[in-house]
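For reference, the structure is listed below as structure tokens.
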Amino acid sequence: MQNETYDFRVIQERWLPVWEAKEPFVVKPEPTGRPTKYILDMFPYPSGDLHMGHAEAFCFGDILARYWRTQGYDVLHPIGWDSFGLPAENAAIKRGVDPREWTYSNIDQQKASFRTYAPSFDWTRVLHTSDPEYYRWNQWLFLKMYERGLAYRKDSWVNWDPVDLTVLANEQVLADGTSERSGAMVVKKKLTQWYFRITDYAERLLADLDQLEGRWPAKVLGMQRNWIGKSEGAEVFFEIEGHDEKIPVFTTRPDTLWGATFMVVAPDADLAQELVAGADEATREAFADYLAQSQKQSEIERQNADREKTGVFLGRYATHPLTGERIPVWAADYVLADYGHGAIMAVPAHDQRDLDFALAFDLPIVQVLDVRGEEGEELPNPAESGIALTGDGVLVNSPGLDGLTKAEAVAESIKTLEERGTGKQAITYRLRDWLISRQRYWGTPIPILHGTGEHEGEMKPVDQSTLPVELPASAGLDLKPKGSSPLGAATEWATVEDPETGATWLRDPDTMDTFVDSSWYYFRFLSPTDSTQAFDPAEAKKWGPVDQYVGGVEHAILHLLYSRFITKVLFDMGYIDFEEPFLDMLNQGMVLQDGAKMSKSKGNLVEFAEQLESHGADALRVTLAFAGPPEDDIDWADVSVQGSAKFLARAWRVARDVTSEPGVDFTTGDAELRKATHHLLAEVPKLVEDYKFNVVVARLMEQVNVTRKAIDGSVGTADPAVRESAEAIAMMLSLFAPYAAEDMWAMLGHEATVALAQWPAADESLLVENEIKVAVQVGGKVRDVLVLPATASDADAEAAALASTSVQRAIGDKEIARVIVRLPKIVSIATKG
RNA sequence: GCCCCCAUAGCCCAAUUGGCAGAGGCGGAAGACUUAAAAUCUUUUCAGUGUCGGUUCGAGUCCGACUGGGGGUACCA
């Protein structure tokens, strides 16, 4: 075993079989009495081999998992695959193979890479979301949601890819309005789809973010809050001439109610159709044209805020609830059908969009707020300037509100509306319900049956006891997107006969969004082979929630929001006793090349497999950990894997050179080196818990350097302090470089595995300094550094400072105003004049 | 447009949370070893913290304004 030089290949081959035989990271079901930590990395999607992004995220997750083991915790650190989804299906279409084949062969490749990379996973808990044993519980979850009214079907406008002929999720539509896959301009199409009622949970999803403050990245919390988009204001009811029902609109500015001069309805809202129905033919035609035209509009055109306002008059008038005036009702696509009530009251004087519209169509503009400029000067009339007065001010032209400030008027206005029964206080969220159905093959079948014949139009859930509804084989199915799910064509699969009535029912042909799969997988890891339930609530009580989640910020909104939602639903159902799934979260940065994102087309790919092969797992992991703060992007041009390998070799040689025996009494060792070791033992836990992995590596380098110096200097290889340091280095290094650390541990005469070694407590007596170095400042500049006994009092320090000749020189003939003593750091002398 | 983050040496990054700006690495230079090179080892080099102002005995750190860079989001009423 005693090699003379460090060779990562030899070491990897030596230890991998040992670990695989011992399975040190398998969590046993028996209680141990130790505290628990659930450390989770976002599970990978199996598209090809692992890449550098995986290497980074799993490196950080593994540092934390290994760290908590050294601290005496039982650590659950599982791995699985998010293995349903479009890429498998696209590959299947392109190459004519089964999506299963593509998926599971990629998983095997990733498993093999992980094996060498050696994260400390519990490999007995592996799950794949595309296994029937997993998605069976997706279906269970769906049915539970359905029972509670949280899963429902509705007609609505969805994103439609006119090339691939499929519905797209919002996240599959790029910012420029094109499909991320086909590149085609996405259009809107009205379809019946399944939704999860996440909007019911909007307030809780927002409020509970406060609990995560300081534990999740502020950026993610901000993005979540933004996405939920709570707005407070009022609902105002408008009567429409010749229309029975009052029309509610939402506004955040009830203070400007007296300035409302027209109404606007979203052209694609049902309300617009209803209102125009009774109008004359010319109006109906104009509206139909307008609707068709705005439907054709691509997202990019529609989202361009600078574009000219367009719209058509609906031939109707509403009655202003306060003034009683007739105000015209228009349809315009700057109003969104699915926000608020799909209709607004327009206050052109105080809203830029309304003003633009009013100016375009020559509608009245009434100013109701006296808004002043920064200097208190009068601002130009919006009708002339074209600039709406959106700031704060004093109400005018508003009987009952005149003279009030904006905030006062908001409250007063709501009160008035409520008294008159023409409105009320209201809250609206930007968050929409979650569209979960997909017209695709490679996903979880939706466990619903649709009636035929006399049951036409009826739906019934699949009996829980018959789950899973397994996906039929893909052979014989045309997986190409056609606009309807390929499963509908699997006639034999889709047709179900009711054993009692003999009636024919058809399976819902859609599959679930893969975000459903990933919204609860962390629960399945708790009891992954349980065939009686989705997860064991007792295990959830023991391990949950996830203590540490690690993954990319690209999931800051959707995956995390959906997971938080499902967790709250499971809480409401009584399966778990917590409402937030992930207590702490770390988002790793990206791995870049020369400041740019790596991509095949740019040809600047740093391949994980290549790096692993040429430098080994340890050097790669140390490089990623050392490159900088984990949240920051890493530019591969700035790092040196060779440098990391050099450090590992240096550390390894320290252990090799130790000549004392295991178990030697450390207290007789060199005091200087021992101090360094114990300072390190005391400092590193804080650093790891603060995610300062780069600093920990730097400290380890420093410790290796001082130990090397001690060995080569007067201390020598046999000094117990050298062994103590080498053992500490091996133990701490095991978080970053498990192979090298294990080899060091073995050279130091210990049994495998160092991963289960416990963190030695730092000896407090070695941490106290008996001398302190106190800087003396005069007028903010350091003039002397005093060496004082640690027991020195403030008065001693002040006296010593004033006695210093260089301090006296600095003071000169100036008068001393104040002397501030902050031991053990500094004495600060403030002078006058 | 709105919201958030960042700015320290040629480069990547530290700085006990308001107390002497430097821990570590990369790169550069010199030297040792070598026939030579690589590898290895030793020594060494380098900024006053983006700009302006404020608070303070004292500011990289706190506050304000600005500049530059990055990210998120946007007819959301």
Side-chain angles (χ1 to χ4, degrees), chain A residues 5 175 217-227 229-231 233-234 236 249-253 256 260 264 266 302-307 309 332-336 338-347 350-354 356-357 428-432 553 556-557 589 595 622-623 626-629 631-635 637-640 642-644 646-647 649-650 653 679 683 686-687 692 694-705 708-709 712 773-785 816-832:
Chain A
T5 56
K219 184 172 152 186
V220 176
L221 294 174
M223 286 165 73
Q224 293 245 329
R225 289 193 178 104
N226 226 322
W227 190 259
K230 182 178 183 174
S231 288
V236 184
V249 304
F250 176 75
T251 178
T252 54
R253 297 294 305 274
T256 62
V264 186
R302 226 190 59 72
Q303 286 185 357
N304 183 0
D306 294 335
R307 122 191 126 92
K309 289 282 182 290
D333 61 6
Y334 81 92
V335 172
L336 306 178
D338 54 358
Y339 182 77
H341 299 285
I344 61 156
M345 64 174 211
V347 185
H350 305 289
D351 182 284
Q352 191 61 48
R353 298 155 300 182
D354 296 344
D356 294 343
F357 192 81
T428 295
Y429 300 89
R430 208 186 74 117
L431 184 68
R432 310 291 156 76
V553 74
I557 299 175
V622 167
T623 302
F626 185 56
E631 307 83 0
D632 289 5
D633 291 346
I634 298 172
D635 193 330
D638 293 331
V639 301
S640 164
Q642 287 86 349
S644 303
K646 206 161 88 177
F647 158 63
R650 279 169 64 78
R653 286 195 298 268
H679 267 116
E683 187 188 8
K686 285 179 221 147
L687 291 170
K692 294 186 176 181
N694 54 327
V695 184
V696 175
V697 174
R699 290 284 179 273
L700 287 172
M701 288 172 170
E702 198 180 1
Q703 183 70 14
V704 168
N705 290 345
R708 184 79 253 165
K709 276 207 178 89
D712 294 345
K773 282 185 179 172
V774 182
V776 184
Q777 290 182 344
V778 180
K781 289 205 171 96
V782 176
R783 297 299 185 182
D784 198 5
V785 178
I816 294 173
R818 237 173 113 190
V819 180
I820 292 119
V821 183
R822 292 280 182 276
L823 292 179
K825 296 283 181 189
I826 211 151
V827 175
S828 182
I829 298 167
T831 56
K832 270 183 196 166

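To find a chain, count down the sequence lines: A is the first, B the second, and so on, and within it residues start at 1.
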Sugar-phosphate only, base, or nothing, as touched by A:Glu702 at under 4.0 Å among non-hydrogen atoms: sugar-phosphate
From B:A77, B:A15, B:A23, nucleotide with atom closest to A:Thr252 side chain: B:A77
Side-chain donor-acceptor pair present, A:Asn705, A:Arg650, cut-off under 3.5 Å: yes
Candidate nucleotides B:A23, B:G25, B:U40, ranked by approach to the side chain of A:Arg699 - the nearest: B:A23
Rounded distance in Å - CG (A:Asp712) to P (B:U43): 11 Å
A:Arg818 side, atom CZ; A:Ile829 side, atom CD1 - distance, nearest 0.5 Å: 13.0 Å
Sugar-phosphate, base or nothing in reach of A:Ala830, heavy atoms under 4.0 Å: sugar-phosphate
C1' spacing across the pair B:G50 / B:G60, given as an integer number of angstrom: 12 Å
Length of the line joining A:Ile634:CD1 and B:G25:C1', which is rounded to integer Å: 14 Å
B:C33 - base-pair partner by Watson-Crick or wobble geometry, distances under 3.5 Å: none
Phosphate OP1/OP2 of B:A14: any A:Asn694 side-chain N/O under 4.0 Å: yes
Nucleotide B:G71, atom C1' - distance to CG of A:Asn226 in whole Å: 12 Å
Conformer about C1'-N of B:U17 - syn within 90° of 0, anti elsewhere: syn
Selected nucleotide, minimal atom distance to A:Asp333 side chain, candidates B:C75, B:A77, B:A15: B:C75
Under-4.0 Å side-chain N/O to phosphate OP1/OP2 contact, A:Lys219 with B:G70: no
Whole-angstrom distance between B:C46 and B:C41, as gauged at atom P: 23 Å
Steps toward salt bridge (charged side-chain N to carboxylate O under 4.0 Å, His left out) verdict (A:Arg253, A:Asp351): CA-CA 10 Å; A:Arg253 297 294 305 274; A:Asp351 182 284; over 6 Å; no
Touch class at under 4.0 angstrom, heavy-atom based, for A:Asp354 against every strand present: nothing
Residue A:Arg650, side-chain heavy atoms: nucleotide from B:A77, B:C75, B:U42 that is nearest: B:U42
Sugar-phosphate only, base, or nothing, as touched by A:Ala627 at under 4.0 Å among non-hydrogen atoms: sugar-phosphate
Candidates B:A77, B:G58, B:G24 - which lies nearest the side chain of A:Gln777: B:G58
C1' atoms of B:G64 and B:U55, separation to the nearest Å: 11 Å
Residue mapping more 5' on RNA chain B - nearest nucleotide basis, A:Ile826 or A:Ser231: A:Ile826
A:Phe250, nearest nucleotide to its side chain (from B:C20, B:C57, B:A77): B:A77
Nucleotide nearest A:Ala775 (side chain, heavy atoms from C-beta), chosen from B:A23, B:C20, B:C75: B:C20
A:Leu700 CG to A:Phe626 CZ distance, which is reported to the nearest 0.5 Å: 10.5 Å
B:U49 and B:A9, which share atom name C1', separated by this distance in whole Å: 10 Å
Anti versus syn assignment for B:G48, with syn defined as within 90° of 0: syn
A:Gly229 or A:Lys692, whichever maps to the more 5' nucleotide of RNA chain B: A:Lys692
Side-chain donor/acceptor contact of A:Lys773 with base of B:C20 under 3.5 Å: no
Atom pair OG1/NE2 of A:Thr256 and A:His350 - distance to nearest 0.5 Å: 6.5 Å
Whole-Å distance separating the CD atom of A:Glu683 from the C1' atom of B:U17: 14 Å
Inter-residue atom distance A:Ile557.CD1 - A:Trp227.CH2, 0.5 Å rounding: 5.5 Å
Interatomic spacing from CZ in A:Arg822 to CD in A:Gln777 - rounded to 0.5 Å: 12.0 Å
Side chain of A:Thr251 - closest among B:G72, B:C57, B:A77: B:A77
Sugar-phosphate only, base, or nothing, as touched by A:Pro629 at under 4.0 Å among non-hydrogen atoms: sugar-phosphate
C1' spacing across the pair B:C11 / B:C4, given as an integer number of angstrom: 27 Å
A:Arg432 side-chain N/O to A:Arg430 backbone N/O, donor-acceptor pair under 3.5 Å: yes
A:Ile634 side, atom CD1; A:Thr623 side, atom OG1 - distance, nearest 0.5 Å: 9.0 Å
Under 3.5 Å on both distances, the Watson-Crick or G-U partner of B:G28: B:U44
Minimum-distance nucleotide to A:Asp638 side chain [options: B:G24, B:C12, B:U40]: B:C12
Atom-to-atom span, CZ of A:Arg708 to C1' of B:C41 - whole angstrom: 10 Å
d(CZ, A:Arg818; P, B:U56) in whole Å: 10 Å
B:U17 and B:G58, which share atom name C1', separated by this distance in whole Å: 15 Å
Between B:A14 (P) and A:Asn705 (CG): distance, integer Å: 19 Å
Distance-only donor-acceptor test (3.5 Å): side chain A:Ser640, base B:C26: no
Counter-base of B:A7, judged by Watson-Crick or G-U geometry with both distances under 3.5 Å: B:U67
Rounded distance (Å) that lies between atom P of B:A23 and atom CG of A:Leu700: 17 Å
Mate of B:C2 where both pairing distances stay under 3.5 Å, Watson-Crick or G-U: B:G72
Shortest side-chain distance from A:Arg430, nucleotide among B:C75, B:A77, B:U73: B:U73
Separation between the P atoms of B:U35 and B:G25, rounded to whole Å: 30 Å
Sugar-phosphate only, base, or nothing, as touched by A:Arg653 at under 4.0 Å among non-hydrogen atoms: sugar-phosphate
Span that lies between the C1' atom of B:U45 and that of B:G28, in whole angstrom: 8 Å
B:A23 pairs with, by Watson-Crick or G-U criteria that keep both distances under 3.5 Å: none
Polar pair under 3.5 Å, donor/acceptor by atom type, side chain A:Lys825, base B:U16: yes
